[in-house]
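Report on the following structure.
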Amino acid sequence: MTITKDTVGVGFVGAGDISVLHAKAVARCPGAKLVGLWNRGQDRARQRAAEFGCKNYPTPEALVADPAVDVVFVLTNLESHLEYTALALAAGKHVLVEKPVGASVAEIEEMKRAAAAGNLVVMPGHNYVYESSMMRTRELVEGGDLGKIVSAYVMYNIHHPEEVAKRYPGVVRQILTHHSYILLYLVGRPVELCAMKATLHYQEYPEEDIAMVQMRLANGALAHFCASFAADDHAADPWTVMVKVIGTAGSTRYSYRDHVEIKPGLVHSQTYTAYQGSVMNEVRHLLVDCLRHGAKPLSTLDDAITAQRMIEAAEESIRNRSVVTL
Ligand SMILES: NC(=O)c1ccc[n+]([C@@H]2O[C@H](COP(=O)([O-])OP(=O)(O)OC[C@H]3O[C@@H](n4cnc5c(N)ncnc54)[C@H](O)[C@@H]3O)[C@@H](O)[C@H]2O)c1
């Protein structure tokens, strides 16, 4: 179902940190407008509505019922993603839902069924795949230009203070979800994995601040993930966010360090321009390519389901100290 009216109206459910990036992305997207937001806490709702120059709805029901809203961005915590996605779909609205999309495979499958029943788009907030360097890597892999793929690495080392980390699950769910959909997009799914985690810098928060995963992919290649909130990497050519694919005939890399602004970026010590940039590309892909021109998201709810299976397999591996078959 494509949108033909002049302006695509967007409504935000949730106005936390990530809404700042989405507001800028909508403002920069041609033919789109942020109509309004709803946030559970009214202080923040008023502040962000003033900052973004949009309405402040009294309830999420009022937001989804507004005919000026065509697309709802679900930007709340993981535990409430299904509730607000279902509410928006029932009102006939398309949805962008932040990652991790759901707390379980069953939740994401429920979103998929509801979207199909209403002929509506639910796009997961899998922002990293909307970077041009990621798309080029996928083209090279698909075209066979890198030869036989032998390995893939997704590394993330960004210090998060404990106060910030407490708002999220541990890094397995919060960060390895990004790694999982990136791997699926670039080189495909793993057939087995094993994982480890540790808590190295939190004083009170009991969740992990570092986790690593080793995988065997369907074609026999090996892959590695690292996700850490425990420390920044300050060395030369740092692995702040680094993605590598290595094949027998070539290799590629994506790095957050290609564009850095010397000012704090939300909870990061510096501004990694790619973070905002990837959200801008993602939002433009949904609002223009998908909803105006009928394209399919580069990463779908099926990918979110597979990513969730990978996360649950990593949790099982950590729990049982085992290698898990997917
Ligand atoms: N794509 C990315 O790179 C990226 C980065 C950061 C966060 N996220 C995701 O975005 C979402 C929000 O993260 P954030 O950093 O903005 O967090 P945040 O803590 O800054 O904001 C979360 C907002 O959700 C609201 N909220 C929490 N539970 C709720 C509930 N049950 N019902 C209604 N509202 C509720 C809070 O009031 C708050 O305003 C999370 O799912 C997170 O994983 C994605």
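Remember, it's a predicted structure, so these values are computed and weren't measured experimentally. In listed order, ligands and their atoms are each counted from 1.
Taking any N or O of Ile18, backbone or side chain, at least one lies under 3.5 Å from an N or O belonging to ligand 1. At least one N or O atom of Asn127 sits closer than 3.5 Å to an N or O atom of ligand 1.
For Trp38, every heavy-atom contact with ligand 1 shorter than 4.0 Å involves the side chain, none the backbone. Using a 4.0 Å cut-off between heavy atoms, His81 contacts ligand 1 through its side chain alone, with no backbone atom that close. At a 4.0 Å heavy-atom cut-off, ligand 1 does not touch Glu79 at all. Proximity of Leu75 to ligand 1, defined as any heavy-atom pair under 4.0 Å, is confined to the backbone N, CA, C and O atoms.
Taking the six-membered ring for Trp and the full ring otherwise, the centers of Trp38 and Tyr84 sit less than 6.0 Å from each other.
Of the candidates Arg167, Arg40, Gln174, it is Gln174 that places a heavy atom closest to atom 7 (C) of ligand 1. Of all the listed residues (Val20, Asp17, Thr177, Asn39), Asn39 holds the heavy atom that lies closest to atom 37 (O) of ligand 1. Distances from atom 17 (O) of ligand 1 to the heavy atoms of Tyr168, Tyr84, Phe73, Tyr128 put Tyr168 nearest. When the heavy-atom distances from atom 11 (C) of ligand 1 to Asn77, Val74, Thr76 are ranked, the shortest goes to Thr76. When Arg44, Glu98, His126, Arg173 are ranked by how near their heavy atoms come to atom 8 (N) of ligand 1, first place goes to Glu98.
Residue, atom and distance of the protein heavy atom nearest to atom 21 (O) of ligand 1 are Gly16 CA, 3.2 Å. Among all protein heavy atoms, the one lying closest to atom 5 (C) of ligand 1 is Tyr275 OH, 3.0 Å. With hydrogens left out, the protein atom closest to atom 43 (O) of ligand 1 is Lys99 O, 2.8 Å, a heavy atom.
A salt bridge between Arg253 and Asp258 is present, with a side-chain N of the basic residue lying under 4.0 Å from a carboxylate O of the acidic one. A salt bridge links Arg138 to Glu142: at least one charged side-chain nitrogen sits closer than 4.0 Å to a carboxylate oxygen. Ion pairing between Arg173 and Glu315 holds under the 4.0 Å rule for side-chain N and carboxylate O.
Between His268 and Tyr272, the ring-plane angle classifies as tilted under the 30° and 60° cut-offs. Under the 30°/60° scheme for interplanar angles, the aromatic rings of Tyr256 and Tyr275 are found to be tilted. Between His178 and Tyr181, the angle of the ring planes goes over 60°, which puts this pair in the perpendicular group of the 30/60° scheme.
The closest side-chain donor-acceptor pair between Tyr254 and Glu131 falls under 3.5 angstrom.
Which parts of ligand 1 touch Pro100 is read off a 4.0 Å heavy-atom cut-off, strictly below it: atoms 43 (O).
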Using atom types as modelled, flag every donor-acceptor pair under 3.5 Å from a side chain in residues 1-15 to any protein atom, sequence neighbours excluded.
unit_1	atom_1	unit_2	atom_2	d
Lys5	NZ	Asp70	OD1	2.9
Lys5	NZ	Asp70	OD2	3.2

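Rounding to the nearest 0.5 Å gives a distance of 5.0 Å between CD1 of Ile305 and NZ of Lys112.
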